[in-house]
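So you know, we letter chains A, B, ... as the sequences are listed, proteins then strands, and number each from 1.
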Protein chains: 2
Amino acid sequence: MTNDIKKEIISLAGPDLSLVEQALEANLTPNLDLVRQVAGHLLFAGGKRLRPLLMIHAARMCGFQTGQEIEFSTIFEYLHAATLLHDDVVDGSDKRRGKPCAHTLWDAPTVVLTGDFLLATALVIAARTKSPRVIEVIAQITADMSQGEIFQMEKKGNPDLTEDEYNEIIERKTAVLIQGACRTGAIVAKADQNEEIALKNYGWHLGMAFQMADDLLDYTATADQLGKNPGADMREGKLTLPLIYSLGKAGTQDREWMLAAMARPQFEPAEFQDLKERLMRLGGIEYTNNRARVHVQSARTALDIFPESPSKHLLELIADYAILRKV
Amino acid sequence: MTNDIKKEIISLAGPDLSLVEQALEANLTPNLDLVRQVAGHLLFAGGKRLRPLLMIHAARMCGFQTGQEIEFSTIFEYLHAATLLHDDVVDGSDKRRGKPCAHTLWDAPTVVLTGDFLLATALVIAARTKSPRVIEVIAQITADMSQGEIFQMEKKGNPDLTEDEYNEIIERKTAVLIQGACRTGAIVAKADQNEEIALKNYGWHLGMAFQMADDLLDYTATADQLGKNPGADMREGKLTLPLIYSLGKAGTQDREWMLAAMARPQFEPAEFQDLKERLMRLGGIEYTNNRARVHVQSARTALDIFPESPSKHLLELIADYAILRKV
């Protein structure tokens, strides 16, 4: 079933995706080769282009189909890439999308400044929408995301992170950008207020589901599927919902075992397997799955006000895929 | 004479400056205390507010005086602070404005992300201008500045930096932002094209003069005046015009002495005095002074198309002050 959905998404979105790739290439115009290399390393490493796709089809669902939606949609891939570059420096991760992180190949300052350049590129295109509201949305996204990352850093390694705090972190680090892409689709289409709110809600729930699925995959997927070793969040001291929930349900023995595991810089495969079994047994995996499923359902429901259309169908498929995907 | 100009600027600009301070406080609204601390550390460390002042009076000279020019002007102080935070991480400097740099008090990721937050704050206010052209200008500034810093990093420690390359670096790292502040004043005032071009030219020449004066002060001012040790540029491997020109005029002996000095991580006071004397003797100080003076003259000339007004007078005084100041 997962494969069927993926196939259908690719067949519906394929032509747009090639146009998005072209637009991403065409609008990336640094003066310096080094900036092109660093930016290109991440930008053209096989991203799913989820955010551009969402903006394009949100706009079309609201009746905007001038062709400009392709160019405008790249705003959200550049923004995404900019934040990934800054985050990789912050996290000190080694791999992303199966490739070494930029900051392991170039020094941190170069990576930070290339992130700034990508943010600037997003703004250049945002200015072309001639819509102050689009700028407002993007400014708010940037403010939220930077503060979300700092909040996550402050909470690193804290075993008492609550589910509410976790929700606040993933809202800022993932949901606001996905929400912003959907909302911007409505704004450029000059959609009415109800439509904009509906797309805002769709985007928020989708973003929450998406990050929860990501956090699950960090425990359940293989290194091959992830393009990096699983368990990275825990090694970096980031508590995510499967662990937060399980810690809450754990007895003393399980709790102490898990806290000790968190303190270890590395896992043996057998230990990691042991951890996964505990998360299953204590219900953290299932609870996270359920929460993600509720968000997907809410995302779909938010679209009810729109009449059927190919774009609506695609947005629904993407919501389903958010939690069925293996990578 | 320097003191007279300074007094006149302060008496003309004083009331606006207090309003700018209030607006900077009022618009800085992070959710996190940590962000407020890191941002405030730099933002309220006694900056001159040159860029807001330029925007305010550029706008007024073009007939815009709604009071909104105060709020809009903060865009350029937030942007300036954002780039200073990212640059301090890049440069690894210890002090700025007489205080320890943020990255010596907080870790680099926090400083980078607070920079992102300040950039976002600038954008939030830029969106309030409802002018896509303002956003375009700001996007281009951000793109130029990030690339300028990378270019400077690439050239670090290279004794063959040319005057053209130096001009390119200071244009990007300083002049484009000062130019952008002046130009934005014209844009929000809906000035005609000639006025906007005049302010663009004024800002560019002023920015170039300003950075050249800064680069001179790094050799000629005292630690007390600078709020950091002089000679910092050279210790960081940054060649500036006084040294570039002097190296070009130097015989083998002077050249070798200067190259050896560049390679030393630290100076004894006597060595630094010796270096300054060489820069005087070889003409680097005088040449840089002359170049800066020509830029100030061009900045003033650019304003010729405007009739006399208090704002024009202030912009002229600021141009004079750019090269007379001691800090």
> Quick one: of Thr121(A), Ile150(A), Val124(A), who has the most non-hydrogen atom pairs under 4.5 Å with chain B?
Ile150(A)
> With a 4.5 Å cut-off on heavy-atom pairs, point out which of Lys130(A), Gln147(A), Glu136(A) contacts chain B the most.
Gln147(A)
> I'd like to know which of Ile135(A), Asp107(A), Thr142(A) tops the heavy-atom pair count under 4.5 Å against chain B.
Ile135(A)
> Between Leu119(A) and chain B, with a heavy-atom cut-off of 4.5 Å, which part of the residue counts as in contact: side chain, backbone, both or neither?
side chain
> Identify the heavy atoms of Phe151(A) and Glu165(A) that sit nearest to each other, and give their distance.
CE2-O, 4.0 Å
> May I ask you to test the Leu24(A)-Glu77(A) pair for a side-chain heavy-atom distance under 4.5 Å?
yes
> In the structure I gave you, are the side-chain heavy atoms of Phe76(B) and Leu177(B) within less than 4.5 Å of one another anywhere?
yes
> Contact part of Val35(A) toward chain B, heavy-atom cut-off under 4.5 Å: side chain, backbone, both or neither?
side chain
> Is there side-chain contact between Asn31(A) and Glu168(B), with heavy atoms separated by less than 4.5 Å?
no
> Can you say whether Thr114(A) sits under 4.5 Å from chain B via the side chain, the backbone, both, or neither, judging by heavy atoms?
both
> Any heavy-atom pair between the side chains of Gln152(A) and Arg172(A) that's under 4.5 Å?
no
